[in-house]
Amino acid sequence: MKEIVIIGAGPAGLTAGIYALRAGVKVTVCESEVYGGQASIIDKIENYPGFDSITGFEFSSSVYDQVKKLGGEFIFSKVVEVDLKSKIKLLKLSNGERLESKVVIVANGLKRRVLGCKGEKELIGKGVSYCATCDGAFFKSKRVIVVGGGNTALEDALYLSNICKEVTLVVRRDKFRGEAYLVKDVNRKSNIKIMFNTNVKEIHGSTAVNKVSLLNSSGEVFESEIDGVFIAIGYQPDCEIYKGQLKLSESGYFLADETCETDVLGVYVAGDCRAKPLRQIVTAIADGAVAGNKAAEYVLRNF
């Protein structure tokens, strides 16, 4: 029997672990990929208080190590099924393991949006990528496109501009949605080209990406030879297995106020998966602190 199981080892989940462990409650963290979540793949974190600049890997490793030193347990396997309605919560993992827990904190973050165009799925890992810092090195001195107009796309383009021969930003709107300082930096780069009012219609290639078909706002379709496609069009909630058990917003985010308490006793949510006006590392960590504290109080009071 676990005392607290945290689903997700991003900034919210790791912080929840720190606060619960320091309160004297045992914590198990389940993570399907790598600790740190989205933060782990950010090249530079420059808007977190106390640091002018720190890499996502350094930041994530530091928080992960903190949880480990406090005695936190980690299971690197995806939670594929949950039963949260009973007092004792039941979780099934992709490795076949089944867990029972007194409390569950869901901090599973978000998943990348996909374009949904022809060729995207077939060429993932063959030139189609959703992580510039993970895969950028494979495209040294090559030509790539980055799809998107927000902060992630701008950051990816800047990162890739230091590796690739040419980077083309493909933006479906007529302007960027990212922060002004990032737009300014992108405009300074001579090897970053920008195509507004344009969508990717199809990604071509057999064993590797070799070109894309683009559609502009005038209805014109044209092809561009390219070596890689980095998709950075935002994120969406990953809450399918919780439908019918926890309340979700129309957009699919967990509904919980600043206490991070759900309508199910013993279940808390924290981080980007929660319906909220701002999704940043600092707000995820704030959620994690609250959820970890509340969850520990619940265990100590009811068991």
Side-chain (Asn187) to main-chain (Val183) donor-acceptor, under 3.5 angstrom: yes

With sequence neighbours excluded, residues passing ring pair (Phe, Tyr, Trp, His ring centres under 6.0 Å) with Phe139: Phe230

Hydrophobic cluster identity match, Val264 and Ile6, side-chain contacts under 4.5 Å: no

Pairwise salt bridge (Lys or Arg N to Asp or Glu O under 4.0 Å) hits with a residue in residues 5-27, at least two apart: none

Salt-bridge present (Asp287, Lys276; N to O < 4.0 Å): yes

Partner residues of Phe176 under the ring pair (Phe, Tyr, Trp, His ring centres under 6.0 Å) criterion, sequence neighbours left out: Phe196

Lys/Arg N to Asp/Glu carboxylate O, Glu258 vs Arg274, below 4.0 Å: yes

Among His204, Lys201, Glu202, side chain to side chain donor-acceptor pair (under 3.5 Å) partner for Ser213: His204

Partners meeting ring pair (Phe, Tyr, Trp, His ring centres under 6.0 Å) with Tyr64 (sequence neighbours left out): Tyr35, Phe74

Leu169-Tyr159 co-clustered via ILVMFWY side chain contacts under 4.5 Å: yes

Of all pairs that satisfy side-chain hydrogen bond (donor to acceptor under 3.5 Å, both in side chains), the ones with a partner from residues 131-149, not counting sequence neighbours: Ser129-Asp135

Hydrophobic cluster identity match, Tyr48 and Leu14, side-chain contacts under 4.5 Å: yes

Hydrophobic cluster identity match, Leu246 and Leu90, side-chain contacts under 4.5 Å: no

Glu225 versus Asn210, side-chain donor and acceptor atoms under 3.5 Å: no

Asp65/Lys68 ion pair, N-O < 4.0 Å: no

Asn191 versus Glu166, side-chain donor and acceptor atoms under 3.5 Å: no

Electrostatic pair Glu31:Lys78 at N-O distance under 4.0 angstrom: no

Thr168 side chain vs Ile145 backbone, donor-acceptor pair below 3.5 Å: no

Pairwise disulfide bond (SG atoms under 2.5 Å apart) hits with a residue in residues 82-182, at least two apart: Cys131-Cys134

N/O donor-acceptor pair under 3.5 Å between Ser77 side chain and Asn95 backbone: yes

Residue pair Glu58, Thr55: steps toward the side-chain hydrogen bond (donor to acceptor under 3.5 Å, both in side chains) verdict: CA-CA 5 Å; Glu58 288 176 313; Thr55 69; 3.1 Å; yes

Over 12 foreign heavy atoms within 6.0 Å of CZ, Arg279: yes

